[in-house]
Q: 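Take a look at this one; I'll ask things after.
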Amino acid sequence: MNLRQLEYFVLLAQSEHMTKAAELANTSQPNVSHAMTVLEQELGVALFEKKGRNIFLTRHGRVFYEYVQPALQELEKGQHRLQEMINPNSGEIEFGFIYTMGSTLAPQLVQAFQQEDENSEIHFVFHQGNSNQIIRMLLNDTIDIGICSIISEDPSLVFQLLAQEELVLVVPASHPLATRESVKLQETLSYPYVYYGKQSGLRPYLDRQLKQLGIELSVQCELEEDHSVLGFVGEKYGIALMPNIPSINSYPVKKIKIEDPLEDRNIYLAAKKNNLEIPVLKKFYDFCLETVHLGGR
């Protein structure tokens, strides 16, 4: 049993005429007749009976029609929905990004993209999480495109450098170090740290930087998300190393430049390779890379 047979069956049931059904299906009468013979043989029951020049459904055929006709309608709706989703001018994009990108780069890219007339009808659904969660959502097809760190070597994913973040020290506003504008990390080791947890994409980067400097921190607690880190620092729970994000200024903390030679944290645009074959997704993916490159980020 295949879809073409079921389409011929419905057309024949509705037209009650072999020639008309063939015309509606844009095929020959023998093709429709053969398809119905094979379908009846597979089902083990007659679906039609002939009366004069017309063909009518049998009792079993009427029962079968009650299931096949709405099923084909649903398949047509599904096909139409998919075409809407991938349409390069009015499709849908599930876009995920790490928390630090939610206040700056992600909304800037989406707004700039939708401001172009040909993209104004494209709809976005947004998702946030840490890099592990973004990667997992990409692999599970929950999102189409993501902004995150590289923490996966899955061959189905492709990563392109999108942005870089400077690392800074954040301390409570009343902390002894708050009078400083810059500091070496060695000077901070007597203070407890609020650190990023193992599920954070920032954690491998921080561990690598500290190992290169030969520094071991006194970790008071571990958290996954930037604003939670800022909240704990603001409540004098400890000090923290974190990306230089705009929301730091919204908390009762002091941002201090780090004098040690640290690498900037790389942020990537990520997608499944096969997703980039879908026109609307490839369009947004290329736009993001081109826009960031032209902006000199």
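Heads up: numbering here begins at 1 and tracks the sequence. Remember, it's a predicted structure, so these values are computed and weren't measured experimentally.
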Q: Assess, by modelled atom type and distance only, whether the side chains of Asn89 and Lys283 contain a donor and an acceptor separated by less than 3.5 Å.
A: yes
Q: With a 4.0 Å cut-off on N to O distance, would you call Arg203 and Glu222 a salt bridge?
A: yes
Q: Rounded to the nearest 0.5 Å, how far does CG of Leu162 lie from OH of Tyr285?
A: 9.0 Å
Q: Charged N to carboxylate O below 4.0 Å: is that the case for Glu224 and Lys198?
A: no
Q: For His175 and Tyr191, I'd like to know if the aromatic rings sit close, meaning centre-to-centre distance below 6.0 Å.
A: yes
Q: Restricting to non-hydrogen atoms, name the atom on Phe159 and the atom on Ser149 that form the minimum distance, rounded to 0.1 Å.
A: CE2-O, 4.1 Å
Q: Between Asp207 and Lys211, is there a side-chain N and carboxylate O pair less than 4.0 Å apart?
A: no
Q: Please determine whether the number of non-hydrogen atoms from other residues, nucleotides or ligands lying under 6.0 Å from atom CZ of Arg208 exceeds 12.
A: yes
Q: Could you walk me through whether Asn31 and Ser28 pass side-chain hydrogen bond (donor to acceptor under 3.5 Å, both in side chains), step by step?
A: CA-CA 5 Å; Asn31 280 346; Ser28 66; 3.2 Å; yes
Q: For Lys272, is there an ion pair with Asp144 - N to carboxylate O distance below 4.0 angstrom?
A: no
Q: Using a strict 4.0 Å threshold on nitrogen-to-oxygen distance, state whether Lys184 and Glu187 make a salt bridge.
A: no
Q: Look at atom NE2 of His127 and say whether more than 12 heavy atoms of other residues, nucleotides or ligands are closer to it than 6.0 Å.
A: yes
Q: I'd like to know whether CG of Asp117 has more than 12 heavy-atom contacts from other residues, nucleotides or ligands below 6.0 angstrom.
A: no
Q: Inspect the contact between Lys254 and Glu181 and indicate whether a charged nitrogen and a carboxylate oxygen are less than 4.0 angstrom apart.
A: yes
Q: Without hydrogens or angle criteria, can the side chains of Thr37 and Glu40 be said to hold a donor-acceptor pair below 3.5 Å?
A: no
Q: Of Ser103, Ser250, Ser247, which is the lone residue that meets side chain to side chain donor-acceptor pair (under 3.5 Å) with His227?
A: Ser247
Q: Side chains of Asn130 and Gln199 only: does a donor on one sit below 3.5 Å from an acceptor on the other?
A: no
Q: Could you check, using the six-membered ring where one of them is a Trp, whether Phe284 and Phe113 have ring centers closer than 6.0 angstrom?
A: yes
Q: Report the distance from atom CG of Leu43 to atom CZ of Phe9, rounding to the nearest 0.5 Å.
A: 8.5 Å
Q: Please tell me whether Asp154 and Ser156 have a donor and an acceptor in their side chains that are separated by less than 3.5 angstrom.
A: yes
Q: Which heavy atom of Gly102 sits nearest to which heavy atom of Gln128, and what is that distance?
A: CA-NE2, 4.0 Å
Q: Does a salt bridge link Lys20 with Glu23, judged by any charged N lying under 4.0 Å from a carboxylate O?
A: no
Q: What's the separation between atom CD in Gln29 and atom CE in Met18, rounded to the nearest 0.5 Å?
A: 6.0 Å
Q: How many angstroms lie between CD in Glu94 and CG in Asn275, if you round to the nearest 0.5 Å?
A: 11.0 Å
